[in-house]
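As structure tokens, the structure follows; a few thoughts come after it.
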Amino acid sequence: MTTNHLIINGDQTVSHIDRQIYGHFSEHLGRCIYEGIWVGEDSPIENTKGIRNDVVKALKEIKIPGLRWPGGCFADEYHWKDGIGPNENRKRMINTHWGGVVENNHFGTHEFMLLCELLECEPIICGNVGSGTVQEMSEWVEYMTFEGVSPMAELRAENGRENPWKLKYFGVGNENWGCGGNMRPEYYADLYRRFQTYVRNYGDNKIFKIACGPNVDDYRWTEVLMREAHQYMDGLSLHYYTLPSESWAEKGSATAFPENEWIKTLKKAQRMDELITRHSAIMDQYDPNKRVSLIVDEWGTWYDVEPGTNPGFLYQQNTIRDALVAALSFNIFHDHSDRVRMANIAQMINVLQAVILTEGEKILLTPTYHVFNMYKVHQDAELLQFNLESETFEEHGLSMKAVSATASRDAAGKINISLAHVNPAKSTKVTIDLRGLKQDKLNITATELTADVMDAHNTFDAPDQVVPTAYSNYTVNGTELTLTLSPMSVTALTIE
Ligand code: AHR
């Protein structure tokens, strides 16, 4: 037996892995919406009513289940009526929060809903509590979902959309402890109770209401929100970003990073486990049946911006290190899938830990994109009971488990196992004992994502530096597998 040993009980399920754990976030920030998604109908870039076709195609491939919009900090300054009606009448303004650029409001509610229709994903709208009114929020929901005679339904029809959209997820404010109004939890809890009252269910449209949750380890925020308002919410959000350093002023580079920032970053990504555990424990006190979901609606790496780019645009490259952050995060979300029922990586395109980068008409898929693709098999699957013993990876006075894993069974009975190996210097062996299987002969297909150097990444000139390849570095003995995992790798196996 190797020092890394994984026992999977294929006949014992633990919880359902909600597909919304694989969700995304798109904000009016930098080149996420404009350029990344929206190029306008007159663009030479192929588009559907202004939305880039290449981006839609790539996102459909990874089956994105949900998309959060319009922010972020932008949400609490966004007035939705600025973004409807003929383009020439839409307000032009400065995006004061992000980069000081002109926001022409050409991408608004109709465009966002069309994007979600093209992607076949759930829209997740974040309303404005920080600088908006109850009436404004209430009317937005009416505009989007009311069928029948009403001022907002009529306005919607005047703007070309007769039928209401379906809207499931609605966030009542964003980071109201910070950019969303610098509120105390007691004050926000009361505001949340008030605002959510008017986020109404019209017809058969039933809204899942998400309250603004804590920043990182602000356990008092969770305590107060759950105590004062748990009965009025379906979800409570959590935001946690992975920075290599302790300083927001000098976070560290996405690519040109010193060796010690490898383990520092991955260990900090692993902290998500502790945060979810501790926040969930508080939620359990008020909601032992786990009716209220923990929604990690902003997560991912946050580095210094690429040299020469607008500091307010948060544009960063994405390496094999980010791929491992993504795999570790998914494994953690799965472990907590009895409480965590949605997560949204920040952000989808051209901002922070993006899955896609664009430059004019060019597009590239990042290592993080490939992890989303490899892990999509877990969407709406059943988490299997497993036990993992892993060797320790030690470097620069820090240590963490070298191997992290997850396993699930899908509706067709296939078993999917995903492993992340964080040691960049050596390969390692893992034995997997598969127990309680229906299959008597294992039919295995496998892929891996790895690289030769810690900062390996894809560029517009070399877009295939880090891509998944077929994996066959394993032996099978009955229902025991022995895998040799490459250094710094993500490996995915499907067993039929
Ligand atoms: O994702 C960038 C910003 O990070 C979001 O606007 C905000 O919610 C968070 O602080």
Discussion item. Would you say that more than 12 heavy atoms from the other residues, nucleotides or ligands in this model lie under 6.0 Å from the OH of Y219, or not?
Written reply: yes
Quick one: sort the Y34 and F107 rings into parallel, tilted or perpendicular, breaks at 30° and 60°.
perpendicular
| query | Using 30° and 60° as the class limits, which term best fits the ring planes of W262 and F257: parallel, tilted or perpendicular? | reply | parallel
Is it true that R321 and D455 make a salt bridge, defined as a side-chain N closer than 4.0 Å to a carboxylate O? no
Shorter than 2.5 angstrom, is that how the SG atoms of C116 and C121 come out?
no
Hey, can you tell me if F372 and Y22 have their rings parallel, tilted or perpendicular (30° and 60° cut-offs)? perpendicular
task: Taking only Lys NZ, Arg NE, NH1 and NH2, and the carboxylate oxygens of Asp or Glu, determine whether K166 and D204 approach each other closer than 4.0 Å.
output: yes
Original post:
Any Lys/Arg nitrogen of K268 or E246 sitting under 4.0 Å from an Asp/Glu carboxylate oxygen of the other?
Top reply: yes
Would you mind checking if R339 and D287 are paired as a salt bridge, meaning a charged N to carboxylate O distance below 4.0 Å?
yes
Interatomic distance, CG@N174 vs CD@E27, rounded to 0.5 Å, equals 7.0 Å
Establish, yes or no, whether the cationic atom of R31 lies under 6.0 Å from the six-membered ring centre of Y315 and within 45° of the ring axis. yes
Exactly one candidate in W299, Y240, Y375 meets ring pair (Phe, Tyr, Trp, His ring centres under 6.0 Å) with F333; the answer is W299
So CG of L59 and CD1 of I37: to nearest 0.5 Å the spacing works out to 7.5 Å
| message | If we count only N and O atoms by modelled type, under 3.5 Å, do the side chains of Y286 and Q231 hold a donor and an acceptor together? | response | no
